[in-house]
Amino acid sequence: MKLSALLVLCLAATLAQARNDLVIGVRQPNDFLIQRELVQKDADVSALGIRTSHERTFTGNNISNITMIRALDQHDNGHGATAQIVGGGVGFKYVTIKFKSELFRGIDFVVEIYGK
C-alpha cells in the first residue's frame, strides 16, 4: 500500500513539472543539426483572456530532408505554450510550427531541426 502511494506521488510530481515539448521523427546515423532557433513572444497583457500565438516556418539549409524536429518548451512547470506542426515536417525540406500559449502567458521555445 505504501509503495502504491509513493508511486502515485512520484507520478503527480512528474506531471506537475511536465513540459510541452514536441518531438517528431527519429535521429538517424549521419543526421546533423540543420537549424536551431529560439522562438519567444511575450504575453499580450493588454487583451484580457487572449492567448498569444505565433506561426513560424523553418527551412533548415533548404537542401536537406528533415528527419527529426524538436520544439523544446523552456517553461518546465507545464504552463508554457504548445507547439503543433501545421505544414511540412519529417521528410520535407521545411516545417511550419504554430505556437499557442496558455492564457496570460508567453511563448519560449528552442526549435532544433535535424536532417540529412
Fill in: side-chain contact (heavy atoms from CB on, under 4.5 Å) between Arg56 and Glu37, intermediate numbers included
CA-CA 11 Å; Arg56 185 175 296 179; Glu37 277 193 41; 2.8 Å; yes
Worksheet item: Does the side-chain contact (heavy atoms from CB on, under 4.5 Å) test come out yes or no for Ile97 and Val39, once each step is laid out?
Response: CA-CA 11 Å; Ile97 301 176; Val39 178; over 6 Å; no
Worksheet entry | Derivation of the side-chain contact (heavy atoms from CB on, under 4.5 Å) call for Arg36 and Val110 | CA-CA 7 Å; Arg36 185 176 198 273; Val110 172; 3.5 Å; yes
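Counting heavy atoms from C-beta on, the side chains of Arg70 and Asp21 never come closer than 4.5 Å. Side-chain contact between Ile69 and Val90: present, with at least one pair of heavy atoms (C-beta onward) separated by less than 4.5 Å. Proximity of Met68 to Ile24: side-chain heavy atoms (C-beta onward) are nowhere separated by under 4.5 Å. With contacts defined as side-chain heavy-atom distances shorter than 4.5 Å, the pair Gln35/Val111 does not qualify.
A parallel orientation is assigned to the rings of Phe99 and His54, their planes being inclined by less than 30° (bins at 30° and 60°).
Both Phe58 and Ile85 are assigned to one and the same hydrophobic cluster, defined by single-linkage of ILVMFWY side chains at heavy-atom distances under 4.5 Å. No continuous path of ILVMFWY side-chain contacts below 4.5 Å connects Tyr114 to Ile34, so the two sit in separate hydrophobic clusters. Tracing side-chain contacts under 4.5 Å through hydrophobic residues (I, L, V, M, F, W, Y), one reaches Val95 starting from Phe32; they form part of the same cluster.
Atom CZ of Arg27 is surrounded by more than 12 heavy atoms from other residues, nucleotides or ligands within 6.0 Å.
Here the straight-line distance linking atom CZ of Arg19 with atom NE2 of His75 works out to 10.0 Å at 0.5 Å rounding. Within the model, atoms OH of Tyr94 and OG1 of Thr59 stand 11.5 Å from one another, a figure rounded to the nearest 0.5 Å.
Of all the heavy atoms in Ala83 and Phe109, the pair that sits closest is CB-CE2, 4.0 Å. Ile107 and Ser101 get closest at one heavy-atom pair: CG1-CB, 4.1 Å. When all heavy atoms are compared, the tightest approach of Asp31 to Gln28 is OD2-N, 2.7 Å. Smallest separation of non-hydrogen atoms from Asp108 and Gln40: OD1-NE2, 3.2 Å.
A salt bridge is absent between Glu55 and Lys98; no separation between the charged side-chain nitrogens and carboxylate oxygens falls under 4.0 Å.
Inspection of the Lys93 and Asn65 side chains reveals an N or O donor paired with an N or O acceptor under 3.5 Å.
Under a 3.5 Å cut-off, the side chain of Asn20 and the backbone N or O of Asp73 do not form any donor-acceptor pair.
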